[in-house]
**Q** 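Please find one structure pasted underneath; my questions will follow.
Small disclaimer: the values here were computed from a predicted structure and weren't measured.
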Amino acid sequence: MAQTKRIIAAWLRTKVAMRRSPAALARGRARAWARLQPALARCPALSEHAGRPLEAFPITDIADLRRDYGAWNSLGLADSALRAMADAAEAGEVAPPDALSAGWSTGSGGGARGLFLASPEERAEYVGQSLARLLPASALLRRQRIALHLRAGNALYSDAGRGRIAFSHVPLSASLVETIATLEAFAPTILIAPPFRLLALAEAGLSLPSLRHLFCGSEPISAAERTLIAARLGQAPHAIWQATEGFLGAECAVGRLHLNDHVLAVELEPVPHTPGFRPIITDLMRRSQPIVRLRGDDYLELDPRPCPCGFAGRVIRPIEGRVTDLWPGALGTVTPPQIVAAVEAVLGADWRWQAVGETTRATLRVAPDCPAALAQHAASALAAAAARPVTTLHDLPEWAGPKRRKVVWHHG
């Protein structure tokens, strides 16, 4: 009951914040920063800076945080203890509602995973924020069945499975046939899954008449893929931007991706020779594992168009790649959104592909059954966009997860 009350309180706070002006959101962030200081004073990596303005704190790369999680918590827990907790959760142990929980993130396209830590209060905050940001208030008046189709379950998510909400975790390790059978038997009203798996389910004929809300996360989704999934599953997928660093953003009711500026301080670090940025993330609500000025890997661009939904959180364009996968060249830097647009103008969402760039050339890998003429047309479009010759290979297997990377820069 205590956790349910916390979730409701977080939902109400978020709904109120979503009606505030940008100036009011900034004042709220300043108050939240002041309340965060005692936790920062207990965090070994940040204690010497506690009490200072945010801009006086150092910027940290995520690889530095991952080297020693013991230095990045305010509870005095050692790195080895935290890793053991996350491994236990990975093995299926779920923390009780009133206990601290840890878990591993889905991982980057290169396989690196991050450890996240959450107290019961922080899990309630996450669930309340998510319900407020993702669903209309009317949805909470009905019984909901939420299916989460990700690599592993965790108390961070299962806390939602109480009261009027039934929760089911369907692991990505399950076969496509098993997943379809499980989902159709559970008949979710809400489904959350990575885009590559939604595409596979849609193409395999998944039928969910009960589905009312569809969300995707953990990797980018293109406009062509959204259209295909919506046509096959009957619901357009809405993107959730979430990482080990926190719940960073979500699409509003009109389909625009807003930063969660009511609970995050997101600084935008310009990426040279592009119109985009990489985020410097501070989560103003997390105390057990403080996240302060952590440099993210995603490449993002602001969307300057006003949004009619009323939420003052900054709007960004859909994220389609990482800063490490920008393609430098003599004629300028080519961004992941430019590469996706060039290739999918030809292939759409009907054919798997991956573009791998190198200094003087690139390779377009496509599904073995992709028509040769179509693949060559796509390679020509990529060569024009990237200003380098492109070789085509019909050798791209099914996406196996946990994350796919459609745009890659080959370093070295």
**Q** Evaluate the criterion side-chain contact (heavy atoms from CB on, under 4.5 Å) for residue pair I7 and T4; output intermediate values, then yes/no.
**A** CA-CA 5 Å; I7 291 171; T4 300; 5.6 Å; no

**Q** If we ignore hydrogens and angles and just use 3.5 Å, is the side chain of R29 paired with the main-chain N or O of D261 as donor and acceptor?
**A**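 It does hold such a pair.
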
**Q** Is it true that, when you exclude R52 itself, more than 12 heavy atoms of the residues, nucleotides or ligands shown sit nearer than 6.0 Å to its CZ?
**A** yes

**Q** If we check side chain to side chain donor-acceptor pair (under 3.5 Å) with R13, which of these qualifies: E125, Q129, H262?
**A**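 Checked E125, Q129, H262 against R13; only one passes side chain to side chain donor-acceptor pair (under 3.5 Å): E125.
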
**Q** Kindly give the heavy-atom pair with the smallest separation between A355 and I339, and that separation in Å.
**A** CB-CG2, 3.9 Å

**Q** Counting C-beta onward and ignoring hydrogens, is there a side-chain heavy-atom pair between V334 and P328 closer than 4.5 Å?
**A** no

**Q** Tell me the closest heavy-atom pair linking R123 and S101, and the distance in Å.
**A**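 Heavy atoms only, the tightest pair is NH1-OG, 3.1 Å.
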
**Q** Counting C-beta onward and ignoring hydrogens, is there a side-chain heavy-atom pair between H213 and P136 closer than 4.5 Å?
**A**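 Counting from C-beta outward, H213 and P136 do come under 4.5 Å.
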
**Q** I'd like to know if E267 and R314 make a salt bridge, using a cut-off of under 4.0 Å between side-chain N and carboxylate O.
**A** no

**Q** Quick check: does any side chain N or O of Q37 sit under 3.5 Å from a backbone N or O of G51, one acting as donor and the other as acceptor?
**A**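 Indeed, once roles are kept as given, a pair shorter than 3.5 Å links the two residues.
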
**Q** Using only heavy-atom distances, determine whether the side chains of S222 and E344 contain a donor-acceptor pair under 3.5 Å.
**A**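 The answer is yes; a qualifying pair exists.
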
**Q** Decide salt bridge (Lys or Arg N to Asp or Glu O under 4.0 Å) for E219 and R197; before the verdict, give the C-alpha distance in whole Å, the side-chain angles of both, and the deciding distance to 0.1 Å.
**A** CA-CA 11 Å; E219 66 185 31; R197 196 65 163 177; over 6 Å; no

**Q** For P188, is there any backbone N or O sitting under 3.5 Å from a side-chain donor or acceptor partner on S210?
**A** yes

**Q** Might you point out which heavy atoms bring E245 and L294 nearest each other, and give the distance in Å?
**A**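 For E245 and L294, the tightest heavy-atom pair comes out as CG-CD2, 3.3 Å.
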
**Q** Does a side-chain heavy-atom distance below 4.5 Å link L214 with I190?
**A**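 No; the side chains remain at least 4.5 Å from each other.
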
**Q** Counting only N and O atoms by type, is there a donor-acceptor contact under 3.5 Å from the side chain of E301 to the main-chain atoms of I316?
**A**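 Such a contact is absent between E301 side chain and I316 backbone.
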
**Q** So, D87 and W104: side-chain donor and acceptor under 3.5 Å apart, yes or no?
**A** yes

**Q** Is there a donor-acceptor contact under 3.5 Å from the side chain of N73 to the main chain of L75?
**A** yes

**Q** Would you say H394 has more than 12 foreign heavy atoms packed within less than 6.0 Å of its NE2?
**A** yes

**Q** With rounding to the nearest 0.5 Å, note down the distance linking CG in D350 to SG in C370.
**A**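 If I round to the nearest 0.5 Å, the distance is 9.5 Å.
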
**Q** Counting only N and O atoms by type, is there a donor-acceptor contact under 3.5 Å from the side chain of R404 to the main-chain atoms of P220?
**A**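 Yes, because the side chain of R404 sits within donor-acceptor range (under 3.5 Å) of the backbone of P220.
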
**Q** Could you check if a side-chain atom of S168 sits within less than 4.5 angstrom of a side-chain atom of R145, using non-hydrogen atoms only?
**A**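 Heavy-atom side-chain distance check fails, nothing below 4.5 Å.
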
**Q** Between D283 (side chain) and G246 (backbone), is there a donor-acceptor pair under 3.5 Å?
**A** no

**Q** Thinking salt bridges, do E225 and K406 make one under a 4.0 Å N-O criterion?
**A** yes

**Q** Can you list the steps and then say if E251 with R256 is a salt bridge (Lys or Arg N to Asp or Glu O under 4.0 Å)?
**A** CA-CA 5 Å; E251 288 188 17; R256 306 284 294 284; over 6 Å; no

**Q** With a 4.0 Å cut-off, would you call E122 and R287 a salt bridge?
**A**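 No.
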
**Q** Any chance you could lay out the side-chain contact (heavy atoms from CB on, under 4.5 Å) test for T392 and T363, step after step, and finish with the verdict?
**A** CA-CA 6 Å; T392 305; T363 302; over 6 Å; no

**Q** Determine whether V346 and V343 satisfy the following criterion, side-chain contact (heavy atoms from CB on, under 4.5 Å), listing intermediate values before the conclusion.
**A** CA-CA 6 Å; V346 180; V343 175; over 6 Å; no

**Q** Is it true that a side-chain atom of H149 and a backbone atom of V170 form a donor plus acceptor pair closer than 3.5 Å?
**A** yes

**Q** Any side-chain heavy-atom pair from V366 and W351 closer than 4.5 angstrom?
**A**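 Side-chain contact under 4.5 Å: no.
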
**Q** Can you tell if the side chain of V266 reaches within under 4.5 Å of the side chain of L268, non-hydrogen atoms only?
**A** yes

**Q** Please assess R232 against E203 for the test salt bridge (Lys or Arg N to Asp or Glu O under 4.0 Å), listing each intermediate value before the final yes or no.
**A** CA-CA 7 Å; R232 301 284 181 89; E203 291 168 352; 5.4 Å; no

**Q** Quick one: pull up CG in L191 and CG in L201 and give me the separation to the nearest 0.5 Å.
**A** 7.5 Å

**Q** Give a yes-or-no answer on whether the side chains of D298 and W241 include a donor-acceptor pair shorter than 3.5 Å.
**A** yes

**Q** Give, for atom CE of M85 and atom OH of Y69, the distance between the pair rounded to the nearest 0.5 Å.
**A**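 Nearest 0.5 Å value for the CE-OH distance: 13.5 Å.
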
**Q** Would you say the side chain of E184 lies within less than 4.5 Å of the side chain of L208, judging by non-hydrogen atoms?
**A**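 Yes. Closest side-chain heavy atoms under 4.5 Å.
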
**Q** Evaluate the side-chain contact (heavy atoms from CB on, under 4.5 Å) criterion for residues L46 and F57: first the C-alpha distance (whole Å), next the side-chain angles of each, then the deciding distance (0.1 Å), finally the verdict.
**A** CA-CA 8 Å; L46 300 169; F57 279 64; 4.0 Å; yes

**Q** Quick check: does any side chain N or O of R305 sit under 3.5 Å from a backbone N or O of D303, one acting as donor and the other as acceptor?
**A**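 No; zero donor-acceptor contacts below 3.5 Å.
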
**Q** Rounded to the nearest 0.5 Å, what separation is found between the CG atom of L326 and the CZ atom of R278?
**A**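 So the CG of L326 and the CZ of R278 are separated by 9.0 Å.
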
**Q** So, for R20 and A312, which heavy atoms are closest and what is the spacing to 0.1 Å?
**A** O-CB, 3.4 Å

**Q** State whether the side chain of Q338 and the backbone N or O of T335 hold a donor-acceptor pair below 3.5 Å, judged by distance alone.
**A**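 Here the side-chain-to-backbone pair exists.
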
**Q** For a quick test of reading the model, state the closest non-hydrogen atom pair linking A45 to W72 and the distance between them.
**A**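 What the structure gives for the nearest pair is CB-CE2, 3.4 Å.
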
**Q** Using distance alone, with no hydrogens and no angle criterion, decide if R133 and T14 have a side-chain donor and acceptor under 3.5 Å apart.
**A**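 No, T14 and R133 have no side-chain donor paired with an acceptor closer than 3.5 Å.
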
**Q** Looking only at side chains, do Y126 and E121 share a donor and an acceptor under 3.5 Å apart?
**A** no

**Q** If you take all heavy atoms of N260 and G249, which pair is closest and at what distance?
**A**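 Smallest heavy-atom distance, with atoms named: ND2-N, 3.6 Å.
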
**Q** So, taking the atom named CG in L65 and the one named CD1 in I291, what distance separates them when rounded to the nearest 0.5 Å?
**A** 5.5 Å

**Q** Is any side-chain heavy atom of F215 less than 4.5 Å from a side-chain heavy atom of P237?
**A** no

**Q** Could you grab the distance from atom OG of S105 to atom CG of L115, nearest 0.5 Å is fine?
**A**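 One gets 8.5 Å once the value is rounded to the nearest 0.5 Å.
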
